[in-house]
2 protein chains.
Amino acid sequence: MKKLEKITTQEENFAKWYTDVIQNGDLMAYGSSKGSIIFKPLSFGIWDNIRKNLDVKFKKLGVQNVNLPLLIPESLLNKEKKHVEGFNPELATVTEVGGKKLNEKFYIRPTSEVLFGEFFKNEIESYNDLPLIYNQWVNVLRWEKTTNPFLRTREFLWQEGHTIHATSNEAKELTQNLLDVYSDFVESFLAIPVIKGQKTDHEKFAGADYTFTIEAMMKDGKALQAGTSHYLGQNFTKAFDITFKNKDNKLENAYGTSWGVSTRLLGALIMTHGDDRGIIIPPKIAPCQVDIIELFASKEKRVHEEALKILDLLSKNNIDAKIDASNKGAGFKAANSEIHGTPLRIEIGPRDLEQNKVLIVRRDTLEKTYVALEEIVIKVQQILEDIQNNLLNQAKQRLINNIFEVENYESFKEHISKGHWVITKFDGNGEDEDKIKEETGASSRCIPFNLEYKMHSKNCFYTNKKTNRVVIFAKAY
Amino acid sequence: MKKLEKITTQEENFAKWYTDVIQNGDLMAYGSSKGSIIFKPLSFGIWDNIRKNLDVKFKKLGVQNVNLPLLIPESLLNKEKKHVEGFNPELATVTEVGGKKLNEKFYIRPTSEVLFGEFFKNEIESYNDLPLIYNQWVNVLRWEKTTNPFLRTREFLWQEGHTIHATSNEAKELTQNLLDVYSDFVESFLAIPVIKGQKTDHEKFAGADYTFTIEAMMKDGKALQAGTSHYLGQNFTKAFDITFKNKDNKLENAYGTSWGVSTRLLGALIMTHGDDRGIIIPPKIAPCQVDIIELFASKEKRVHEEALKILDLLSKNNIDAKIDASNKGAGFKAANSEIHGTPLRIEIGPRDLEQNKVLIVRRDTLEKTYVALEEIVIKVQQILEDIQNNLLNQAKQRLINNIFEVENYESFKEHISKGHWVITKFDGNGEDEDKIKEETGASSRCIPFNLEYKMHSKNCFYTNKKTNRVVIFAKAY
């Protein structure tokens, strides 16, 4: 595993910095086919922690995990037209097996609404059978032209929730609840602050009545859609003839939702916290929270003994740690810990041990603290908590500082060109959004739910018509 | 979800019984394309528990989880010829995207040796970088002609471990250790006794130097290969040019292993423990261990109150339980619990509550016990443990009773036709095995590792030549 000698700085070239740190940090390797990546143990460990922790939150909402097939028969996909059009150019298609042509084509799922539709149809008879609140953790495939590791890959991992309900209110409530689960999780575990809102009709999921989103800001100022929750109304249940007998004993189409987060979250995490030394993983989601670094262990037996004791102590207190007992130098080991984003490292050397202390270095601020051996667990716990909070606060501050209200297109263009987000009154349509994107690179991110301040302008920045609709625009990943 | 009115008995028709109980037990639904199934919450919950518990055991052997791409470029697959031949007729092939033909075909992975080969090649330079002990939990696809839910489906879920090592001894040791992990896990969690052994050359994985297997016996007497561990030698590392600098500073090809278990284990579990009332899930792997059944709750408030208390108590003691508070009758609720294989149910009724007791019914023996409210946790724990042991012991007894030593082909045929396994001296080759299979339906299952008794015969039952090789034959899934 050859490492780059030098990581491009964020200021020099943010995109290059990103691909440098994910490779040097052993997060991924490129796969043998274009646009595919290999999740190495570190990135897969983070994803596994995302899965575990989200599953706990899902369970509280009554979500049950299932697993549906990878392949969609051609005839099935075509049942919901609007939704198909969006995906059609990206559909990987199985046409032959063992060199022989098949009678019917199969698409590799780009998402599974139609598969769940067909499944749901046979599962319900009356309102007593509802709701069905299902989720699956699977791979999906969309043949993207431009790819970027974690952010946009042809195959990616995600969870996709699919539910049906007896009333539209219940489905709408779940759409909102799931968005709240996502925003709580992303903020408290990944330390990424997000803005919750609704997509404009132009940006919503094809096939949804409306789409809720959480939008995060990366260190370069770009937006990243970190999770979406769709209220599907009866769009899929009508297409798939999913009916139930309601309380009045009449046949009615059920009401649907779908919602998902993907391995994009890894990209968001890296671009929210990383610095010129490499990635930084928030403690609550880190597969390894502490690197225990032995110094001059060959000269002094006690170094390794203490390392083992500390590992054991931390592990008993549910802190994930590992020992670097290699014969590399102190500087190499420190840099190696930093580049892998481990939140905290403990350096154990003979001289400090004589005074019964060790050195703790935190990854976010690089602050060094000498800690007495008997205080190690409590100190490590405190510092890990502090790192988690500090990462979130830094990101929050950046988000607040980088959003500007604009009242006209000139000012809009100026802020967007500086990498800012803009918040503005907007009542334009989809064509307007397309034009704005073409001219500035910015797309509408959402109609935010909670506005912390009153907008000054009364009119749309683009059409100049009077409107109450507030929209956030930004360049986005 | 329509239920069958009557489940076919095992004696009437075992195959029909199997498809009856997996549907009535809400384990699966058929997918929209042939040979595909939907894992409903119950079966996916079991698979998730298999994953969690195996991962703990894997971790102790230093296994790290990764995730590799779904698609294999045509050029890559052809690098290891022997291995390709075996899979070729079953390879689902992506030839177009969005209606346009691709320049290169892609195969959906039937297994990932070649993908790991390409990955490993770029990860190692010297013996310091070894071993790499990786695993992934993924879906794979093999276009089988005859399919059977869980047992043989076109797409299935599995874990596939892939490792490379600096010495053949280390790789061989891991091959053995993994087989031991599998057999320990399958016996202690799934309550399925297995016979460990080596596959004959005829039955080993194409591309392996040798294959170890664990073989289980189903209630109809058929064998089921429940897990395999392959020593690959240098077959893949030569094909993929995976070299490292050894301690003498010379380039050497690494030594590989691969190993896996799949969702077939669900089929094995069902056919080992199920009875004419439905499936039976061993407590240690059951997503729901206890059904709490409320009787006459509408007439007596205390019933629901006690149910909630018991749920809370069990949950605090890490016992997974759920309440059936529906307004169905006692008989329906009991049958419903039985058909879903829940190891134990607690029936709470007003009359028993007057005496501060509830009724516990175990799924395996259907034995009923009245238990005082204050003793509930300890009793439930005891009975769950007893069910786990009882299921394993019953299966062990069946396995022992159903294996017979044979010394000649006549006796071989007779036992096989009765659904027995035979243990016998055999030194035939692959052609002989093919003929035996054609004539009797039986295939060689393994050369068992630990023989508990001395074989009487000195000669091969088929060729009559003197041999020391002992082989087990059986009809198999």
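A note on names: the letters A, B, ... follow the listed sequences, proteins ahead of strands, and every chain is numbered from 1.
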Seminar exercise, completed: The interface call for A:F106 against chain B, heavy-atom contacts under 4.5 Å, is side chain
For this session: Between chain A and each of B:L70, B:L68, B:L76, count heavy-atom pairs under 4.5 Å; write down the option with the most.
Result: B:L70
Exercise. Of the listed residues (B:L42, B:T93, B:L71), which shares the most heavy-atom pairs with chain A below a 4.5 Å separation?
Worked result: B:T93
For this session: Name the option with the most non-hydrogen atom pairs under 4.5 Å to chain B; the candidates are A:G31, A:A29, A:S33.
Result: A:S33
For this session: Count the heavy-atom pairs under 4.5 Å between each of B:P73, B:S75, B:P287 and chain A, then report the option with the highest count.
Result: B:P73
Problem set entry | Distance, nearest 0.5 Å, that separates NZ of B:K34 from CD of A:E104 | 13.5 Å
For this session: Using non-hydrogen atoms and a 4.5 Å limit, figure out which bit of B:K105 sits close to chain A: side chain, backbone, both or neither.
Result: side chain
Problem set entry | Close side-chain approach of A:L102 to B:W143, heavy-atom, < 4.5 Å | yes
Exercise. Side chains of A:I38 and B:L115: closer than 4.5 Å at any heavy-atom pair?
Worked result: no
For this session: Would you indicate whether the side-chain heavy atoms of A:I37 and B:N67 approach each other to under 4.5 Å?
Result: no
Problem set entry | Close side-chain approach of A:F39 and B:V66, heavy atoms under 4.5 Å | no
For this session: Report the C-alpha distance between B:W137 and A:F44 in whole Å, list the side-chain angles of each, state the deciding distance to 0.1 Å, and finish with yes or no for ring-ring contact (aromatic ring centres under 6.0 Å, His included).
Result: CA-CA 11 Å; B:W137 293 88; A:F44 194 77; over 10 Å; no
Exercise. Within a strict 4.5 Å, meaning less than it, do heavy atoms of the B:V94 and A:T95 side chains meet?
Worked result: no
Exercise. In this structure, are over 12 heavy atoms from other groups packed under 6.0 Å from B:K59 atom NZ?
Worked result: no
For this session: Write down the atom of A:S36, the atom of B:P69, and the distance for their closest heavy-atom approach.
Result: OG-CG, 3.5 Å
Exercise. Do the side-chain N and O atoms of B:N139 and A:N139 include a donor-acceptor pair separated by under 3.5 angstrom?
Worked result: yes
Seminar exercise, completed: Bottom line for B:E155: the part with an atom under 4.5 Å from chain A's heavy atoms is side chain
Exercise. Taking everything shown except B:K57 itself, do over 12 heavy atoms lie less than 6.0 Å from its NZ?
Worked result: yes
For this session: Report the distance from atom NZ of B:K79 to atom OG of A:S32, rounding to the nearest 0.5 Å.
Result: 9.0 Å
Seminar exercise, completed: Honestly, the part of A:R51 sitting under 4.5 Å from a heavy atom of chain B is side chain
Exercise. Does the side chain of A:E123 come within less than 4.5 Å of B:K40's, by heavy atoms?
Worked result: yes
Exercise. Pick from A:D48, A:N88, A:N65: which one has the most heavy-atom pairs with chain B under 4.5 Å?
Worked result: A:N65
